[in-house]
Amino acid sequence: MARKIPESFFKAENVVFVGYSKRHAAYSRSVREAFELRGSKVHAVNPAPGEYDVKVHTSVNEVPGSPELAVVITNKSRNAELLAALAAKGVKRVMFASSVSADADTLARCKALGMEGAVVCPLQALGGGFHRFHGWVTGVPKVGIPK
């Protein structure tokens with residue numbers, strides 16, 4: 001599944017973040033803030049009720065407009081319904097944070113639905129420290145903050 005991912009893959013005005021988590025709040029917040037620093041509007045999605053640090057939609061269908069990019073941090077068992085909803089929303093690129101979220105079949109399904117898919121932690125391109133080091137090792141481009 002490894003492939004060279006262009007810097008443009010990570011750039012989007014609107015991002016839908018599926019699986020925004022209370023349990024992994026620090027990671028979710030780091031990903032959201034990394035996109036926001038680059039000018040993206042992030043729409044968090046999680047069907048679980050509760051208190052979050054931002055407004056969280058209960059489904060992709062509630063997200064306004066047509067986000068270009070989706071960040072998915074869920075179990076791949078939910079992907080059939082999720083990918084159909086993302087494609088219907090007009091999403092063009094889907095970033096799965098790990099192999100827990102996607103496999104080769106998932107990426108093939110993205111392609112069949114007209115979306116480009118990749119398995120990559122967003123912080124490898126957008127973050128710093130260990131995440132960025134891991135991105136450098138695996139060839140993920142660093143996405144800088146616009147001036």
Side-chain angles (χ1 to χ4, degrees), residues 1-48 52 54 56-128 130-146:
M1 280 190 280
R3 67 176 179 85
K4 184 81 171 163
I5 300 168
E7 184 177 341
S8 60
F9 186 90
F10 300 90
K11 295 182 178 180
E13 285 186 33
N14 289 289
V15 176
V16 59
F17 184 161
V18 181
Y20 196 86
S21 176
K22 292 180 290 189
R23 191 172 75 180
H24 303 288
Y27 178 77
S28 292
R29 185 176 49 256
S30 294
V31 170
R32 177 182 50 79
E33 289 174 350
F35 276 106
E36 289 174 345
L37 276 172
R38 287 154 183 84
S40 299
K41 170 71 176 154
V42 179
H43 306 276
V45 175
N46 192 318
Y52 294 88
V54 294
V56 175
H57 303 280
T58 59
S59 76
V60 170
N61 296 330
E62 290 181 6
V63 172
S66 296
E68 309 91 278
L69 176 64
V71 174
V72 177
I73 303 177
T74 61
N75 187 294
K76 59 187 157 206
S77 65
R78 300 183 177 132
N79 282 348
E81 182 180 325
L82 174 60
L83 293 177
L86 292 172
K89 199 69 173 152
V91 170
K92 300 296 179 209
R93 296 179 313 281
V94 185
M95 181 184 317
F96 299 95
S98 75
S99 59
V100 171
S101 298
D103 54 20
D105 291 339
T106 303
L107 298 178
R109 179 77 177 133
C110 283
K111 188 173 183 176
L113 290 167
M115 299 182 294
E116 184 180 359
V119 178
V120 60
C121 171
L123 292 179
Q124 288 182 357
L126 306 172
F130 175 76
H131 287 281
R132 182 57 217 135
F133 176 74
H134 189 220
W136 176 77
V137 168
T138 58
V140 175
K142 179 168 179 54
V143 179
I145 299 171

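All residue numbers refer to positions in the sequence shown, counting from 1.
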List the steps and the verdict of side-chain contact (heavy atoms from CB on, under 4.5 Å) for Tyr27 and Ser21. CA-CA 8 Å; Tyr27 178 77; Ser21 176; over 6 Å; no
Can you give me the closest heavy-atom contact between Ala102 and Val119, atom names plus distance? CB-CG2, 3.9 Å
Crowding at CD, Glu33 (>12 non-hydrogen neighbours, <6.0 Å): yes
Gap between atom CZ of Phe10 and atom CG of Leu69 - 0.5 Å precision: 8.5 Å
About how many Å separate NE2 of His43 and NE2 of His57, when rounded to the nearest 0.5 Å? 6.5 Å
Write down the atom of Val120, the atom of Met95, and the distance for their closest heavy-atom approach. O-CG, 3.4 Å
Under the criterion side-chain contact (heavy atoms from CB on, under 4.5 Å), I'd like the reasoning laid out for Lys89 against Val63: C-alpha separation, chi angles, the key distance, then a yes or no. CA-CA 9 Å; Lys89 199 69 173 152; Val63 172; 4.1 Å; yes
Over all heavy atoms of both residues, which pair between Gly19 and Thr74 is shortest? Give the atoms and the distance, please. CA-CG2, 3.9 Å
With Val71 as partner, the option from Tyr20, Phe96, Phe35 fulfilling side chain to side chain contact (heavy atoms under 4.5 Å, CB included) is Phe35
Just verifying a value: how many Å separate Lys76 NZ and Ser98 OG, rounded to the nearest 0.5 Å? 8.0 Å
Looking at Ala118, is its backbone amide N or carbonyl O close enough to the side chain of Arg93 to form a donor-acceptor pair, meaning the two atoms are under 3.5 Å apart? no
At what distance, to the nearest 0.5 angstrom, does CG of Asn79 lie from CG of Leu82? 6.0 Å
For the residue pair Ala97 and Pro122, what are the closest heavy atoms and their distance? CB-CD, 4.3 Å
Sole candidate of Leu113, Asn14, Leu86 that passes side chain to side chain contact (heavy atoms under 4.5 Å, CB included) when paired with Val91: Leu86
Lys22 atom NZ, neighbour heavy-atom count above 12 within 6.0 Å: yes
Could you state the interatomic distance from OG (Ser59) to CD (Glu81), rounded to the nearest 0.5 Å? 9.0 Å
d(Glu68 CD, Glu116 CD) to nearest 0.5 Å is 13.5 Å
